Amino acid sequence: MRILGISAFYHDSAAALIEDGRIIAAAQEERFTRKKHDASFPRHAVAYCLEAAGAKLSEIDHVVFYDKPFLKFERLLETYVAFAPRGFRSFQMAVPLWLREKLFQKSLLRSRLQEFDDNFASEKLLFAEHHLSHAASAFYPSPFERAAVLTMDGVGEWATTSAATGEGNRLEIFQEIHFPHSLGLLYSAVTYYIGFKVNSGEYKLMGLAPYGEPKYAQLILDHLIDLKPDGSFRLDMSYFDYCTGLTMTNERFARLFGQPVRSPDQLLTPFHMDVASSIQAVLDEAVLRLTRSLASRTGARNLCLAGGVALNCVANGKVLRDGRFERLWIQPAAGDAGGAIGAALAAFHQFKGEPRSVAVTDGMSGAFLGPEFSQADIERRLAACGAHFVVLGEDAMIEATVEALSDQLAVGWFQGRMEFGPRALGARSILGDPRSPAMQKNLNLKVKYRESFRPFAPAVLREEVANWFELDADSPYMLIVADVKRDRQRTMSAEEQALFGIDRLNVARSDIPAVTHVDYSARVQTVSRETNPRFHRLLTRFKARTGCPVLVNTSFNVRGEPIVCTPEDAFRCFMGNELDMLVIGNCILRKTEQNSDLKQDYRSAFEPD
């Protein structure tokens with residue numbers, strides 16, 4: 001049985017295809033259109049999934065959309081009625097769009113699918129509730145026969161937080177918190193207040209938090225959120241404008257903190273860092289209370305997480321260290337893109353009642369579910385771009401890459417199937433030497449063209465992770481933060497300890513300063529031989545040469561650009577920034593050997609994220 005899952009029309013549109021319960025392919029539309037967070041119908045992603053499965057749409061048993069538009073419309077209307085007459089301007093803007101497009105999404109979906117098959121049958125089209133799609137994306141691919149499941153996001157139809165239990169092929173949501181009370185929207189409101197882009201800049205807020213102190217955490221708890229001991233909560237909506245307005249917060253919110261909303265071009269100050277630190281502390285506490293309550297109520301020893309809030313790897317790390325659950329598994333595409341996988345799996349197991357096979361590691365194939373290119377195809381595409389390259393055997397290619405990394409060059413690394421989800425995991429990555437004190441700043445400013453404070457993740461051999469980090473568990477999807485081992489840390493001088501804010505950035509804190517954040521933490525990715533053998537070989541050879549089994553791993557793109565998908569994308573990005581070397585398959589490209597006429601300027605090629 002083949003089932004196609006689709007998420008679309010909000011942000012991060014995606015498609016996923018399963019066959020007899022096994023995930024065959026999944027991809028986000030942005031990777032094909034080169035439009036960050038593309039929300040349009042995922043036409044290219046659907047076409048890719050069908051091609052990967054060797055199937056036509058007529059051979060698909062069901063197509064499942066990841067939420068229920070009528071329930072969303074009900075929430076929209078009830079919200080405007082509840083807050084009337086406030087928000088009439090927003091109402092005038094939103095309702096015509098819903099009446100024109102979103103309310104009739106079934107017809108819209110049918111017409112888009114008929115572009116693949118003129119005779120697409122409407123009865124094949126199903127709809128899953130948003131939080132069921134999230135929960136299914138977390139539980140069904142997990143390596144657990146039984147688990148508690150926690151979904152936290154902005155909002156689906158009504159639910160913003162939901163608790164579920166999964167066992168075998170059954171998944172039951174037993175408790176929900178409803179809109180407008182939302183941890184995701186609270187975090188996004190502060191993202192907006194700090195001057196970052198909502199639904200994009202939340203991870204920047206998380207990265208900024210360690211530069212500040214949680215001075216305003218109690219203020220947030222006293223005024224913005226009533227957080228109960230069991231993790232349930234309510235927001236004081238008199239401080240927010242997202243229900244009916246055109247912004248996330250209002251003037252009362254700004255008066256509470258004593259400063260106006262930061263404009264994106266305004267310098268970040270210690271105040272903004274303290275606010276970031278404070279909301280992160282509140283989120284950590286809320287998530288811990290929720291997971292403790294869930295552990296007590298269900299008796300489960302395994303926990304699955306999904307929803308956009310599950311991408312907050314700082315909170316995830318605290319949940320793991322809290323010890324209420326023995327094992328933690330997080331859907332790597334925890335946001336709306338992953339809903340495509342969840343919708344398909346929910347239909348297969350819940351609607352059709354089909355049995356579930358539990359994978360030893362998990363059912364995501366390391367998240368390597370996107371397009372791949374043969375060596376011959378790579379060479380043909382690069383030649384057509386005018387690229388100069390040499391082709392080496394695998395051993396020689398790895399040796400040349402290790403030599404470049406050891407010389408502290410920045411290397412683009414393009415191998416195998418593209419990752420599904422927001423993280424580059426060693427298929428579409430930019431790599432660097434973590435031992436270099438200058439690597440973080442150089443990659444941010446000269447390669448990624450983004451803010452200097454943003455941290456980079458370490459990719460580490462799974463068998464070595466406990467020797468370098470305070471973690472001895474799988475973290476294949478870069479979704480858990482842990483401290484660098486104390487014996488790898490560097491003692492700071494009194495003068496260095498006195499530094500504040502961004503001034504702390506350039507202080508080397510460990511043997512691997514390029515991946516050690518200002519609070520000695522790191523967003524760890526463990527690399528195993530089973531899921532990514534070529535990247536594992538590269539790390540193994542880098543360790544043999546340097547004694548260090550760690551590499552800087554960041555996504556292959558510049559600020560505001562989707563992660564590269566094709567060899568052409570990779571070559572354009574390579575020629576548009578200051579990467580030193582590019583490795584695609586067995587092809588080695590050095591910047592100094594390229595035609596200078598092909599150089600591009602990627603500094604302002606994409607809208608800032």
Side-chain angles (χ1 to χ4, degrees), residues 12 26 28 137-138 141-142 202-207 209-210 304-321 328-335 337-338 361-362 364-370 413 415-432 434 439-440 443-444 448 450 454-462 464-466 468-484 512 514-517 521-528 530-532 535-536 538-539 549-557 562-564 609:
D12 293 323
Q28 292 139 275
S137 78
S142 78
E202 284 80 3
Y203 60 95
K204 291 201 279 187
L205 188 68
M206 181 178 65
C304 300
L305 295 176
V309 177
L311 293 172
N312 193 294
C313 49
V314 174
N316 296 342
K318 294 193 174 183
V319 169
L320 182 63
R321 290 188 293 277
L328 178 65
W329 193 85
I330 307 154
Q331 165 55 238
T361 51
D362 63 42
M364 288 293 294
S365 301
F368 302 114
L369 297 167
W413 178 257
Q415 303 291 336
R417 297 186 73 176
M418 181 179 68
E419 303 92 337
F420 182 57
R423 311 294 187 212
L425 302 169
R428 306 289 187 274
S429 290
I430 291 172
L431 307 177
M439 185 60 66
Q440 180 194 3
L443 284 178
N444 270 326
K448 303 282 283 188
R450 66 186 195 180
R454 286 161 67 170
F456 289 109
V460 57
L461 292 170
R462 172 61 182 92
E464 290 280 352
V465 63
W468 288 80
F469 303 95
E470 296 294 343
L471 178 70
D472 192 8
D474 293 330
S475 180
Y477 303 122
M478 212 182 281
L479 286 171
I480 294 173
V481 161
D483 284 349
V484 174
I512 43 174
V515 293
T516 304
H517 208 10
S521 69
R523 178 161 47 94
V524 178
Q525 178 202 358
T526 55
V527 179
S528 70
E530 291 73 26
T531 55
N532 197 343
F535 195 34
H536 189 276
L538 180 69
L539 280 159
V550 181
L551 285 171
V552 178
N553 181 15
T554 187
S555 55
F556 197 154
N557 57 355
I563 295 173
V564 300
D609 57 6

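Quick caveat, the model's predicted, so the values are computed rather than measured. The figures that follow rest on heavy atoms only: side chains count, while hydrogens, waters and symmetry mates do not.
Taking CD from Glu530 and NE2 from His536, the interatomic distance works out to 7.5 Å, rounded to the nearest 0.5 Å. Separating the CD atom in Gln525 from the CG atom in Leu461 is a distance of 10.5 Å, to the nearest 0.5 Å. Between atom CH2 of residue Trp468 and atom OG1 of residue Thr516 there is a gap of 9.5 Å, rounded to the nearest 0.5 Å. Taking CG of Asn532 as the start and CZ of Phe368 as the end, the distance is 4.0 Å to the nearest 0.5 Å.
Across all their heavy atoms, Leu479 and Gln331 have their closest contact at CD1-O, 3.8 Å. Contact between Leu305 and Ala310 at its shortest, heavy atoms only, is CB-CB, 3.9 Å. Considering every non-hydrogen atom in both Arg462 and Thr526, the closest pair reads CD-CB, 3.8 Å. The shortest heavy-atom contact between Arg321 and Ala482 is NH1-CA, 3.9 Å. The shortest heavy-atom contact between Asn553 and Ala424 is ND2-O, 3.2 Å. Minimum heavy-atom separation, Ala138 to Ala306: CB-CB, 3.7 Å.
Every residue two or more places apart in sequence or in another chain that forms a side-chain contact (heavy atoms from CB on, under 4.5 Å) with Ser365 is listed here: Leu369. Under the rule for a side-chain contact (heavy atoms from CB on, under 4.5 Å), the partners of Gln440 that lie at least two apart in sequence or sit in another chain are Asn444, Phe456, Leu505. Remark: Arg454 engages Glu451, Asp609 in a salt bridge (Lys or Arg N to Asp or Glu O under 4.0 Å) (not counting sequence neighbours). Legend: residues meeting side-chain hydrogen bond (donor to acceptor under 3.5 Å, both in side chains) with Trp329, ordered by chain and number and at least two apart, are Asp362. Not counting sequence neighbours, the partners of Pro458 by the side-chain contact (heavy atoms from CB on, under 4.5 Å) test are Phe469, Val515, Ala522, Val524, Val550. Under the salt bridge (Lys or Arg N to Asp or Glu O under 4.0 Å) criterion, Lys318 pairs with Asp284, not counting sequence neighbours. Listed by chain and residue number, Thr531 satisfy the side-chain hydrogen bond (donor to acceptor under 3.5 Å, both in side chains) test with Ser528 (two or more places apart in sequence, or in another chain). In terms of the side-chain hydrogen bond (donor to acceptor under 3.5 Å, both in side chains) criterion, Glu470 has no residue partners (sequence neighbours excluded). With sequence neighbours left out, Glu419 forms a side-chain hydrogen bond (donor to acceptor under 3.5 Å, both in side chains) with no residue at all. Evaluation of the side-chain contact (heavy atoms from CB on, under 4.5 Å) rule for Asn557 yields Lys36, Lys448, Ser555, Glu561, Ile563 as partners, not counting sequence neighbours. Among residues two or more places apart in sequence or in another chain, the salt bridge (Lys or Arg N to Asp or Glu O under 4.0 Å) test is passed with Arg417 by none.
Each of Leu431, Leu443, Ile512, Ile430 was scored for a side-chain contact (heavy atoms from CB on, under 4.5 Å) with Val552, with one residue passing: Leu443.
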